[in-house]
Amino acid sequence: MNPLAWIADEYPTHCLTLGRGMVGRELLSRLGASVTEMFQPHDEDEANEFVWAGMGDYWNWGAARAGEAGGWAYVLEPASMWGSLSERLKAASSGTELICCSYADAMETIAYWRDGVLLAQFETLSPRQRSGREPDVLEEPMRRVGLWDGDSAGLRHPGLLLLHEVTGVALSQKETMLALTGKLPAMGLGPETMADDSSGPASTARPADGSGGPVGMLPAPRPAGSAKAIPGQGRKRHKA
């Protein structure tokens, strides 16, 4: 059983980041959200409208929901992956450990960080091709979920299953829907652009293509006009 599978079923593009021993507000802030822009949605409509607004302004920010479960903080992006940027995970993992699963265009990526060090990273379609300082650090949980042998074709949402196996975290759509919410800035617009540490990878914004998106980056999940048709996102509130 995978208590995180609903995330992939509901959101065609998504990112789930788990941080040990902190609260959701702290993890959301560490990943780049401004504390002054965080809020608690009053209802499902308000929560969904914020996600749609982020999709409409995708190259500037994405909506993220945060909370705690089983001794871990979570940050869930229902329609973006800005929290999966390496510079942000590196900074956010200071003094703790993070594991992140991001998905877009059939590519699911796992990244495991501890105290500013990338220990392991891989695509679930090719789990044998791992990078990081300790690429085998997740060997046991990968074996238990069936990822270690490199054949993930028969697995349902293997990345999210691995996150559950590593952390024990289980989430429901109901508890995340009205969780603390904030904006995660797009690449090149977050706190990493002001970092003084020049030893890490540069995070300058890439030139834009004809659609307004940076060249070489994954496309926006959907055009803004189709946002309200996303499965699992409820209905759009009608204005009077």
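Bear in mind the structure is a predicted one, so any value in this text is a computation, not a measurement. Note that the numbering runs from 1 along the sequence shown for the chain.
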Donor-acceptor pair, side chain of [X] and main chain of [Y], under 3.5 angstrom:
X      : Y      : result
Glu46  : His42  : yes
Glu108 : Thr124 : no
Ser84  : Met81  : yes
Thr96  : Arg20  : yes

With the 4.5 Å side-chain cut-off for hydrophobic clustering, are Leu18 and Val166 part of the same group?
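Same cluster.
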Between Leu163 and Val169, is there a shared hydrophobic cluster once you connect ILVMFWY residues whose side-chain heavy atoms come closer than 4.5 Å?
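Linked, Leu163 and Val169 end up in one cluster.
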Between [Y] and [X], is there a side-chain heavy-atom distance shorter than 4.5 Å?
X      : Y      : result
Glu68  : Met22  : no
Gln40  : Thr181 : no
Phe122 : Met142 : yes
Leu4   : His157 : no
Leu171 : Pro3   : no
Cys100 : Trp113 : no
Trp82  : Arg88  : yes
Leu27  : Leu98  : yes

Using the side-chain contact (heavy atoms from CB on, under 4.5 Å) rule, take Glu87 and Leu85 through it: C-alpha gap first, then chi angles, then the decisive distance, then the call.
CA-CA 6 Å; Glu87 298 93 330; Leu85 295 174; 4.0 Å; yes
Ile7 and Leu76: CA distance, side-chain angles, deciding distance, side-chain contact (heavy atoms from CB on, under 4.5 Å) verdict:
CA-CA 9 Å; Ile7 296 172; Leu76 171 63; 3.8 Å; yes
Distance to the ring centre below 6.0 angstrom and angle to the axis at most 45 degrees; does that hold for Arg130 and Trp148?
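That pair qualifies as a cation-pi contact.
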Geometric class of the His14/Tyr103 ring pair [parallel <30°, tilted 30-60°, perpendicular >60°]
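The rings of Tyr103 and His14 lie parallel, inter-plane angle below 30°.
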Tell me whether the rings of Phe50 and Phe39 are parallel (<30°), tilted (30 to 60°) or perpendicular (>60°).
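Perpendicular, since the angle between the ring planes exceeds 60°.
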Can you see whether [X] engages [Y] through a side-chain donor-acceptor pair at a distance of less than 3.5 angstrom?
X      : Y      : result
Gln121 : Tyr112 : no
Asn48  : Trp52  : no
Glu123 : Ser126 : no

Can Val51 and Arg65 be said to form a side-chain contact (heavy atoms from CB on, under 4.5 Å), step by step?
CA-CA 10 Å; Val51 175; Arg65 298 164 177 168; 3.3 Å; yes
salt_bridge(Lys90, Asp115) N-O dist < 4.0 Å
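Result for this pair is no, no salt bridge flagged.
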Out of Val35, Val75, Val23, Thr17, which one pairs with Leu28 under the side chain to side chain contact (heavy atoms under 4.5 Å, CB included) rule?
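Answer after filtering Val35, Val75, Val23, Thr17: Val75.
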Using the side chain to side chain contact (heavy atoms under 4.5 Å, CB included) rule, pick out the option among Thr13, Ile110, Leu16, Thr109 that qualifies with Ser102.
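Exactly one pass, corresponding to Thr109.
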Hey, mind stepping through Leu89 and Leu31 against side-chain contact (heavy atoms from CB on, under 4.5 Å) and telling me if it holds?
CA-CA 7 Å; Leu89 293 174; Leu31 290 174; 4.1 Å; yes
Just checking Glu139: does its CD atom have more than 12 heavy atoms from other residues, nucleotides or ligands closer to it than 6.0 angstrom?
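For Glu139, atom CD is crowded (more than 12 foreign heavy atoms under 6.0 Å).
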